[in-house]
Enquirer: 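Could you have a look at this structure, given as structure tokens, before my questions?
Lettering follows sequence order; numbering is per chain, from 1. The structure presented is a predicted model; accordingly, all values stated were derived computationally and were not measured.
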Amino acid sequence: MLNHVNIFYYGDIPDAGGSASENNKNNFAEVNWPLWEVFIRSKQGLDHKHVGSLHAADAAMAIENARDVYTRRMEGVSIWVVRSEDIHASNPDESGMLYEPANDKVYRHPTFYNIPDSITHM
Amino acid sequence: MAQNPEELFLEKIEDEIKIEPRDWMPEAYRKTLIRQISQHAHSEIIGMLPEGNWITRAPTLKRKAILLAKVQDEAGHGLYLYAATETLGVSRESTVADLLSGKAKYSSIFNYPTLTWADMGAIGWLVDGAAILNQVMLCRTSYGPYARANIRICKEESFHQRQGFEILLTLSRGTEIQRAMCQDAINRWWWPSLMMFGPKDSESTHSDQSTKWKIKRQSNDELRQRFVDMIAEQVKVLNMQLPDPDLKWNEERRSYDFGEINWEEFWNVVKGNGPCNKERLEARRKAHTDGAWVRDAALAHAEKQKNKQRAA
């Protein structure tokens, strides 16, 4: 990665050139904060809704970051965060097959039924 | 009937169905989006610097609080956009690394210096005004996460433009020196703001394919003209002038004619030779380097907490 502070480990000061040798480059390979998905309840009585994602070291930081990134104007009263890697999703390529069982069941909809106009409140 | 994925993709574009991260998309579409969204994100982040320059010197506590909130919004906008970039399969780190190495571009407007307080007004009014036109268009872009990021951005951006105009309005009603300061800022920011819309349609390299894929929905010149028409009217309220002797209402076109942009300056700044290119990148690099220990410490802390929980 770029422009890291050069840390010399005790007893491991390179002979020449000063900074990052090939040898200690690996030590600089940054381990990055994991990705989190953020869900926000905008007001009591409504569902939490996915609003986006962010990086954070742990859940507590993810919630604080979510507050700063996604609720600067009172957009929420409750925040959920979930590690992105813990989310399982359906495959869009298989959506045809996946939803096929619902496709031919028009009788599940109220408009399928013919009721005389004289009937009200139904 | 089985369709090949490219036909299916184009059909969705045709039918105004948004493309979502896990949908099949042409590699060039993905690449274009990665480039465009990450540039947009970098612009928000670099865009914090010229204004950050004035936070400690804002004339009143009210203006200082407003400017802080605005700069914080820009950080937020950068983050929405970085997150949208990540949905295309590039890591945050590599996107940021491209900015820091100078490989990735950002909007050239932020390579101009902010010399006076009036620049905070001109940036809000002109620079954010130009950005809003672009972002309003992008609310309807074909890639779902990018469209959603822009909708969020637009909701917050209109305060930016209004506070900028109000700064200039206050100056325009002030002393002679304040009025001169107002005019000077308009003079310096007008042309760079027009350049924000990018090269002319006849010379833009990306627009054509982007329009077919509905990433862009209006051309550079269309947006630029709308901006000129808007600003040419608003400037009257300030009792100021736009620094263009050729600016003139064209009754036939029902639009303002305006002078030729200095394209040499435009390309020069794009290529890295603007007044502040080096300074901006150095500031970002320094922030990244200085922040390394914070990132490491947070990770170490998280790890430690996890181990503690396990032990308990």
Side-chain angles (χ1 to χ4, degrees), chain A residues 1-7 19-20 25 27-40 42 49-76 81-85 87-98, chain B residues 2 5 8 12 19-24 69 72-73 75-84 86-87 91-94 96-103 145 148-149 152 155-156 159 281-282 284-306 309:
Chain A
M1 297 295 297
L2 288 143
N3 290 301
H4 278 278
V5 230
N6 294 313
I7 307 161
S19 60
K25 239 180 201 163
N27 295 323
F28 294 138
E30 226 173 317
V31 189
N32 292 295
W33 292 351
L35 190 66
W36 301 75
E37 300 302 320
V38 181
F39 300 82
I40 288 182
S42 57
K49 194 178 156 207
H50 183 245
V51 294
S53 52
L54 49 75
H55 289 264
D58 57 24
M61 188 199 253
I63 288 176
E64 274 176 25
N65 287 358
R67 178 204 58 195
D68 291 342
V69 179
Y70 294 106
T71 65
R72 284 193 303 283
R73 288 174 177 77
M74 309 288 296
E75 288 98 334
V81 292
V82 176
R83 282 281 294 268
S84 306
E85 61 180 25
I87 291 194
H88 300 264
S90 60
N91 184 349
D93 297 338
E94 290 165 6
S95 56
M97 220 158 47
L98 191 64
Chain B
L8 201 65
K12 278 188 205 161
I19 306 300
E20 294 295 344
R22 286 162 52 97
D23 295 346
W24 185 92
Q72 196 193 6
D73 273 354
H77 298 174
L79 292 174
Y80 308 151
L81 293 162
Y82 279 133
E86 281 176 285
T87 63
S91 75
R92 175 78 58 96
E93 297 71 42
S94 75
V96 172
D98 283 348
L99 171 68
L100 298 181
S101 72
K103 185 181 163 215
R148 293 193 285 275
R152 205 170 275 284
K155 272 189 196 153
E156 303 181 346
F159 127 63
L281 268 192
E282 268 159 27
R284 277 321 304 161
R285 287 183 188 135
K286 183 173 184 305
H288 191 77
T289 309
D290 291 353
W293 73 270
V294 181
R295 296 193 293 277
D296 292 344
L299 260 188
H301 175 75
E303 194 59 31
K304 204 168 145 191
Q305 293 301 111
K306 211 161 55 182
Q309 264 179 2

Enquirer: Which pair of heavy atoms, one from R22(B) and one from N91(A), lies closest together, and at what distance?
Expert: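 Smallest heavy-atom distance, with atoms named: NH2-CA, 3.5 Å.
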
Enquirer: Side chains of Y70(A) and R152(B): does their closest heavy-atom pair fall under 4.5 Å?
Expert: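 Yes. Closest side-chain heavy atoms under 4.5 Å.
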
Enquirer: Taking every heavy-atom pair that is under 4.5 Å apart, which of E20(B), Q72(B), K306(B) has the most such pairs with chain A?
Expert: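 Option with the top pair count is Q72(B).
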
Enquirer: Heavy-atom pairs under 4.5 Å with chain B: which of R73(A), M61(A), E75(A) has the most?
Expert: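 It is R73(A).
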
Enquirer: Please identify, among L35(A), V51(A), D68(A), the residue contributing the most non-hydrogen atom pairs under 4.5 Å to chain B.
Expert: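 Highest number of heavy-atom pairs under 4.5 Å: V51(A).
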
Enquirer: Tell me, side chain or backbone of D290(B) under 4.5 Å from chain A's heavy atoms, or both, or neither?
Expert: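 D290(B) has no heavy atom closer than 4.5 Å to chain A.
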
Enquirer: Any side-chain heavy atom of H55(A) within less than 4.5 Å of one from E86(B)?
Expert: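 Side chain of H55(A) against side chain of E86(B), heavy atoms only: contact under 4.5 Å found.
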
Enquirer: Using a 4.5 angstrom heavy-atom cutoff, name the option from A298(B), A83(B), A69(B), G76(B) with the most pairs to chain A.
Expert: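 Greatest number of close heavy-atom pairs with chain A: A298(B).
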
Enquirer: Side chain from CB out, backbone as N, CA, C, O: work out which of these in A60(A) comes under 4.5 Å of a heavy atom of chain B, or both, or neither.
Expert: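 Contact with chain B involves no heavy atom of A60(A) at all.
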
Enquirer: Can you check whether H301(B) reaches D58(A) side chain to side chain, under 4.5 Å on heavy atoms?
Expert: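 Yes, close enough: below the 4.5 Å cut-off.
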
Enquirer: Please identify each residue that fulfils ring pair (Phe, Tyr, Trp, His ring centres under 6.0 Å) with Y82(B), with sequence neighbours left out.
Expert: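 Listed in chain order: H42(B).
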
Enquirer: Which one, L54(A), N65(A), V69(A), D93(A), leads in non-hydrogen pairs under 4.5 Å with chain B?
Expert: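 Max contact count across the listed options: V69(A).
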
Enquirer: Side chains of E156(B) and R72(A): closer than 4.5 Å at any heavy-atom pair?
Expert: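 Touching, per the 4.5 Å side-chain cut-off.
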
